[in-house]
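Below you'll find the structure, written out as structure tokens, and then a few comments.
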Number of protein chains: 2
Amino acid sequence: MISLQNVTKTYQIGPSLIKALDNVNLSIEVGEMVAVMGPSGSGKSTLMNIVGCLDVPTAGTYSLKDRKVEELSENELADIRGTNIGFIFQTYNLLPRLTALANVELPLLYDGSKNTKARALEALEKVGIEDRKNHKPSELSGGQQQRVGIARALVKNPSIILADEPTGNLDSKTGVEIMALLQQLNKNSKITVVVVTHEEEIANYNDRVITFRDGSIVSDKPVSDK
Amino acid sequence: MISLQNVTKTYQIGPSLIKALDNVNLSIEVGEMVAVMGPSGSGKSTLMNIVGCLDVPTAGTYSLKDRKVEELSENELADIRGTNIGFIFQTYNLLPRLTALANVELPLLYDGSKNTKARALEALEKVGIEDRKNHKPSELSGGQQQRVGIARALVKNPSIILADEPTGNLDSKTGVEIMALLQQLNKNSKITVVVVTHEEEIANYNDRVITFRDGSIVSDKPVSDK
Ligand SMILES: Nc1ncnc2c1ncn2[C@@H]1O[C@H](COP(=O)(O)OP(=O)(O)OP(=O)(O)O)[C@@H](O)[C@H]1O
Ligand SMILES: Nc1ncnc2c1ncn2[C@@H]1O[C@H](COP(=O)(O)OP(=O)(O)OP(=O)(O)O)[C@@H](O)[C@H]1O
Ligand SMILES: [Mg+2]
Ligand SMILES: [Mg+2]
């Protein structure tokens, strides 16, 4: 359902050509739970942005549910980003003037949903920060901001969750709770989950681990000890 | 040299009173290397902001080198923040319109130092990202931005380094390199280092581990297996 064929992403900075992704071939099926690992700067966030339709390849093709993303209309793209994909950003990207609750409620308001406050509150409860619902991001700890980002990504029950280092600022216990939540969504609701992580024990909550180095995939293995 | 006596920090949000720090007593001597751990929201960043003179207690006293910080003049405070303390922020706080090199050079320009470009470049080399010196923050990976923040904190050779989760977005190998660098500065140059971390193996690079829960210190122990 997620298919990258010979995907390359390059940037030009002054005289240097940077290859953030270098000829990447990758397939992820519906209902899989996959970890993406690799050194800092190896292309993981770039991959996630392309998979999440937030960025486009310089070369190669990205297909989602058998449709080439470059051939989709702007409306179809907005629909995918808004409804089907829940994105947890590495740097949270919360709106600074809105409270935690309002940040999580916003995606629901955009498509005229009912019951928006109750659903946003339920998402905050799932990540354990409902008691901070009236705080703005600057009034929250780093890990609390991270969890608002997670709640926001989950609130529309997306069919794909892309989590870019969702536990980086969380203590082990809270990190385990988040991974258990993602695992539950994957197993019970068949949601496809991709998690970028630097930690082996977080990677082991997944079925498969893909490892990047310098923009290329260097290994792609099932997680054995289950 | 760092001494908190009965320090409390509270916030009022609507009807709730939040106790971010609750009667904290803590002493850190010159040349110590200390880890601070605890669940998300337990007060670690609040502690660091007070120790770094970026915030003030609601109650209690914070003394730095035997001088009560509340009695220092604005000039003396600016001097401490600018020269003596290198702060590595949990959310990097880089200037978005400046390159990595310019972000690291900025503290040196403020006090009329010589050789600013060379010194900034050397700091970037120490954290392994000199090849990204001309990138702006939005053109860097999460871990690369984190390392620019680390280089900036070290460039003025401060006597105290406060690192709030310096390896949160780094793969283990790069994280180990950063901790080895901090350890080297501590052992060779007698720099006092305080590291907030969620990871046990990072904490073990330190001499002592202080653990917070709900704004209070619940344990304070030496690191035994060295
Ligand atoms: N400006 C503020 N207004 C209200 N509450 C605040 C403010 N800043 C922090 N808090 C609250 O104080 C508590 C401690 O925050 P702090 O940032 O010190 O936690 P932390 O231990 O660093 O957490 P993390 O590991 O998630 O970074 C949190 O519960 C947070 O919600
Ligand atoms: N807009 C840009 N312009 C130039 N180079 C970029 C840009 N965005 C990313 N890069 C470069 O592309 C490479 C891959 O970046 P990416 O953010 O995908 O890494 P990452 O694997 O997510 O790293 P981390 O673990 O540190 O978050 C990095 O070396 C980075 O410097
Ligand atoms: Mg990244
Ligand atoms: Mg913090």
Side-chain angles (χ1 to χ4, degrees), chain A residues 11-16 18 20 37-46 48 89-92 94 99-100 127-129 131-147 164-165 167-175 177-178 196-202 211-213 215, chain B residues 11-16 18 20 37-46 48 89-92 94 99-100 127-129 131-147 164-165 167-175 177-178 196-202 211-213 215:
Chain A
Y11 297 103
Q12 190 75 38
I13 299 277
S16 335
I18 309 244
M37 300 187 80
S40 173
S42 56
K44 309 179 295 297
S45 295
T46 305
M48 296 291 263
F89 294 93
Q90 189 171 2
T91 46
Y92 326 150
L94 303 179
T99 62
V127 297
I129 49 166
D131 63 349
R132 291 286 182 270
K133 64 180 188 282
N134 294 324
H135 290 228
K136 299 202 187 66
S138 62
E139 298 165 337
L140 293 170
S141 79
Q144 289 165 348
Q145 292 176 44
Q146 188 159 36
R147 282 181 280 166
D164 197 346
E165 301 196 35
T167 65
N169 274 305
L170 300 174
D171 53 285
S172 342
K173 176 161 173 294
T174 314
E177 287 166 15
I178 293 301
V196 169
T197 182
H198 282 304
E199 298 175 64
E200 285 253 12
E201 49 194 301
I202 297 292
T211 307
F212 272 80
R213 188 182 307 282
Chain B
Y11 297 103
Q12 188 77 37
I13 299 277
S16 337
I18 309 246
M37 302 188 79
S40 173
S42 56
K44 308 178 297 297
S45 295
T46 305
M48 295 291 263
F89 295 93
Q90 187 170 4
T91 47
Y92 325 149
L94 304 179
T99 61
V127 297
I129 49 166
D131 63 350
R132 292 285 183 269
K133 64 182 188 285
N134 295 323
H135 291 228
K136 298 201 187 67
S138 61
E139 298 164 338
L140 293 170
S141 77
Q144 289 165 347
Q145 293 178 43
Q146 188 159 34
R147 283 182 278 167
D164 197 346
E165 300 195 37
T167 64
N169 275 305
L170 300 174
D171 52 285
S172 344
K173 176 162 173 295
T174 314
E177 287 166 14
I178 294 299
V196 170
T197 180
H198 283 303
E199 299 173 67
E200 285 252 10
E201 48 193 303
I202 297 291
T211 307
F212 273 80
R213 188 181 308 282

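Below, read A as the first sequence line, B as the second, and so on, with proteins coming before strands; counting in each chain starts at 1.
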Distance check, rounded to the nearest 0.5 Å: [X] atom [atom1] versus [Y] atom [atom2]?
{"X": "Lys44(A)", "Y": "Ser141(B)", "atom1": "NZ", "atom2": "OG", "answer": "6.5 Å"}
{"X": "Ser42(A)", "Y": "Asp171(B)", "atom1": "OG", "atom2": "CG", "answer": "7.5 Å"}
{"X": "Asn169(B)", "Y": "Asn169(A)", "atom1": "CG", "atom2": "CG", "answer": "6.5 Å"}

What pair of heavy atoms forms the shortest contact from Gln144(B) to Gly41(A), and how long is it? NE2-CA, 3.7 Å
For chain B, find which of His198(A), Arg132(A), Met37(A), Glu139(A) contributes the most heavy-atom pairs closer than 4.5 angstrom. His198(A)
Run through Gln146(A), Arg147(A), Lys173(A) and flag the one making a side-chain hydrogen bond (donor to acceptor under 3.5 Å, both in side chains) with Ser40(B). Arg147(A)
Atom group of Ile13(B) that falls short of 4.5 Å from chain A, counting heavy atoms: side chain
Part of Ile18(B) lying under 4.5 Å from any heavy atom of chain A: side chain
